[in-house]
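Just below is one structure, and these are the notes that go with it.
In this text the structure is predicted, and so the values were computed from the model without any measurement.
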Amino acid sequence: MADVPLSRAEEQNYFSVLTTASKSFLLAAGLHLGVGTLAGVTSQKLFKRGLCNTDVVRFASSVALSASIYKALKILLHKYCTIPEAWHHLLAGFLAGLGSTIDEPVRRRTLTLYMVARALGCLVITLHKRGYLPSVPHFVPLVFGACQGLIVVAVARYPYLLPPSYYNAVVRWSMYYDEEKLEMYMRRRQVDFIPCNALLHQGSCHIYAWKDFVAGMWLYSKMHGVMYSISLFVLSPTSLLGNPVRAVTQFLKKTLISATFLAVNGAAVKYVVCLLRNAWGGGPPIPHLIPALAAIVGSSSVVLERPSRQLELVYYVMSQVLYSAWRLICVKKILGLNKLPWGSVWFQCFSLAILMYGYESERDSISPLLHTTLNFLLGRNNQV
């Protein structure tokens, strides 16, 4: 039997899968390099440093495999399956999550938590748009405050509930707290009150709060400068080439606003903890209400950020809270669970199914950053 030549449309479809795989591999490799650079500033180690190693190939291959699986399945389902189009996106997104199996397990778990948080956000926004959920004023800042309250309580009293890399980064960013001081001031049971100037900092809490804010501005400016430069060069190079003055101005503005938010947030949390500890006057361990109230007060600074950035920050802190909830379930063996085989893979599959449905059918339900990333991977005109 003679070979049947491919039609022009089929050739384009197969070529688009290869293009998706190559673009996603290069984007993931660039992201790996960028996060490795950012790790040099923040000392987090989610990605191993360096570009030419097996870790970057493993991560980039995982992203490329997931993206190409989605693209190929979408083409095949559109051609051979008669179910509604929305089910194509759900099914293709679910199976695309299987590409994460080749990634490094700890990083896969971390990225899965980010995806679960974004999938929950996608569901809430979609249900709200369809009238199933009421509108809540200042909903995003309120969620951020609640999540930060839980995180700060965990940092102060239950560090084992947080991812080790995240906990170490938070302690390092706090500048004048360390593990020994947290144990002494927050956790280890003692009868007598320990004043702040005994070991925590010298002089007045009010003056030290200002010093902490100034030091935080420098630290967070460096961190966000690297982060936004990666976003500019990797995701938006055309804006830099088309109008460099505007691109650089926006870059500096974003860096200043984000650095101010984190500096105010961090200084406010530590300052309110000092005030409430002195007002309480008791020995450690401190009541849960003190770090919770301090975190909620500090979280109000999130309104300095742009609405889209506020949403990204909510997804970030939500992922840490989800980890803490899962860790608590495992430690306490709630529902008899202490381990779920390949749990991160299955959660990533379900999350990708929801996110890809949102991307294809409810585009306002996903954040601009995710929308831009998926546009880059799958093409702005993602049609088959």
Supply the atom-to-atom distance His224 NE2 to Arg309 CZ, rounded to the nearest 0.5 angstrom. 4.5 Å
Does atom CZ of Phe139 have more than 12 heavy-atom neighbours from other groups under 6.0 Å away? no
Side-chain donor-acceptor pair present, Gln148, Ser299, cut-off under 3.5 Å: no
Correct closest heavy-atom pair for Val269 and Gly298 would be CG2-CA, 4.0 Å
Can a donor-acceptor pair be found, under 3.5 Å and without considering hydrogens, that links the side chain of Asn265 to the backbone of Phe261? no
Given Lys74, which of Glu360, His88, Glu85 fulfils the side-chain hydrogen bond (donor to acceptor under 3.5 Å, both in side chains) condition? Glu360
Nearest 0.5 Å, what's the CG-NZ distance between Leu77 and Lys79? 12.5 Å
Give the cluster check for Tyr316 versus Val264: same hydrophobic cluster or not, with ILVMFWY residues linked at side-chain heavy-atom distances below 4.5 Å. no
With a 6.0 Å cut-off on the ring centroids, do Phe144 and His138 count as close? no
If you measure only the distance, is there a donor-acceptor pair under 3.5 Å linking the side chains of Tyr167 and Glu179? yes
More than 12 heavy atoms from other groups under 6.0 Å of NZ on Lys129: yes
By ring-ring contact (aromatic ring centres under 6.0 Å, His included), which residues pair with Phe350, not counting sequence neighbours? Phe94
For Tyr177 and Leu200, run side-chain contact (heavy atoms from CB on, under 4.5 Å): C-alpha distance rounded to whole Å, both residues' side-chain angles, the deciding distance at 0.1 Å, then the answer. CA-CA 7 Å; Tyr177 275 107; Leu200 194 57; 3.4 Å; yes
Judged by atom type as modelled, is there a donor-acceptor pair below 3.5 Å linking the side chain of Thr20 to the main-chain atoms of Ser68? no
Any donor-acceptor N or O pair under 3.5 Å, side chains Ser367, Glu312: yes
Just by distance, do the side chain of Thr249 and the backbone of Val245 share a donor-acceptor pair under 3.5 Å? yes
Distance-minimising heavy-atom pair for Cys147 and Val317: CB-CG2, 3.6 Å
Taking the side chain from Tyr357 and the backbone from Gly93, do they hold a donor-acceptor pair closer than 3.5 Å? no
Could you tell me whether the side chain of Arg188 and the main chain of Pro284 form a donor-acceptor pair under 3.5 Å? no
Here the pair of heavy atoms bringing Met186 nearest to Arg157 is O-CD, 3.4 Å
With a cut-off of under 6.0 Å to the ring centre and 45° to the axis, is Arg327 in cation-pi contact with Tyr323? no
For residues Ala294 and Val273, report the shortest heavy-atom separation together with the two atoms involved. CB-CG2, 3.5 Å
Let me check something: do Ile296 and Val153 share a hydrophobic cluster, defined by ILVMFWY side-chain heavy atoms less than 4.5 Å apart, either directly or through other members? no
Once you measure the plane-to-plane angle for His206 and Tyr271, does it fall in the parallel (<30°), tilted (30-60°) or perpendicular (>60°) bin? perpendicular
Rounded to the nearest 0.5 Å, how far apart are CD1 of Ile257 and CG of Leu304? 8.0 Å
Are side-chain N/O atoms of Asn375 and His371 paired as donor and acceptor at under 3.5 Å? yes
If you compare all heavy atoms of Tyr228 against all heavy atoms of Ser258, which two are closest, and at what distance to 0.1 Å? OH-OG, 2.6 Å
Using modelled atom types and a 3.5 Å cut-off, is there a donor and acceptor pairing between side-chain atoms of Arg108 and backbone atoms of Gln348? no
Spell out, yes or no, whether Ile102 and Trp346 are grouped together once hydrophobic residues are joined by side-chain heavy atoms under 4.5 Å, including indirect joins. yes
Check whether more than 12 heavy atoms from other residues, nucleotides or ligands sit under 6.0 Å from atom NZ of Lys211, and answer yes or no. no
For atom CG of Leu133, is the number of surrounding heavy atoms from other residues, nucleotides or ligands below 6.0 Å larger than 12? yes
same_hphob_cluster(Phe347, Val345) at 4.5 Å side-chain heavy-atom cutoff: no
Looking at every non-hydrogen atom in both residues, tell me the closest pair between Phe193 and Gly281 and how far apart they are. CB-O, 3.4 Å
Using only atom types and a distance under 3.5 Å, with no angle test, would you say the side chain of Glu362 pairs donor to acceptor with the backbone of Thr126? no
Please determine whether salt bridge (Lys or Arg N to Asp or Glu O under 4.0 Å) holds for the pair Arg107 and Asp55, giving the CA-CA distance in whole Å, both sets of side-chain angles, and the decisive distance to 0.1 Å. CA-CA 11 Å; Arg107 181 172 54 229; Asp55 188 62; 3.0 Å; yes
In terms of heavy-atom contacts, does CZ of Arg246 have more than 12 from other residues, nucleotides or ligands at under 6.0 Å? no
Leu98 CG to Ser66 OG distance, which is reported to the nearest 0.5 Å: 8.0 Å
Is the distance between the ring centroids of His201 and Tyr208 less than 6.0 Å? yes
Are more than 12 heavy atoms from other residues, nucleotides or ligands located less than 6.0 Å from atom CH2 of Trp280? yes
How far does NZ of Lys270 sit from CG of Asp212, to the nearest 0.5 angstrom? 3.5 Å
For the atom pair CG (Leu26) and OG (Ser22), what is the distance rounded to the nearest 0.5 Å? 6.5 Å
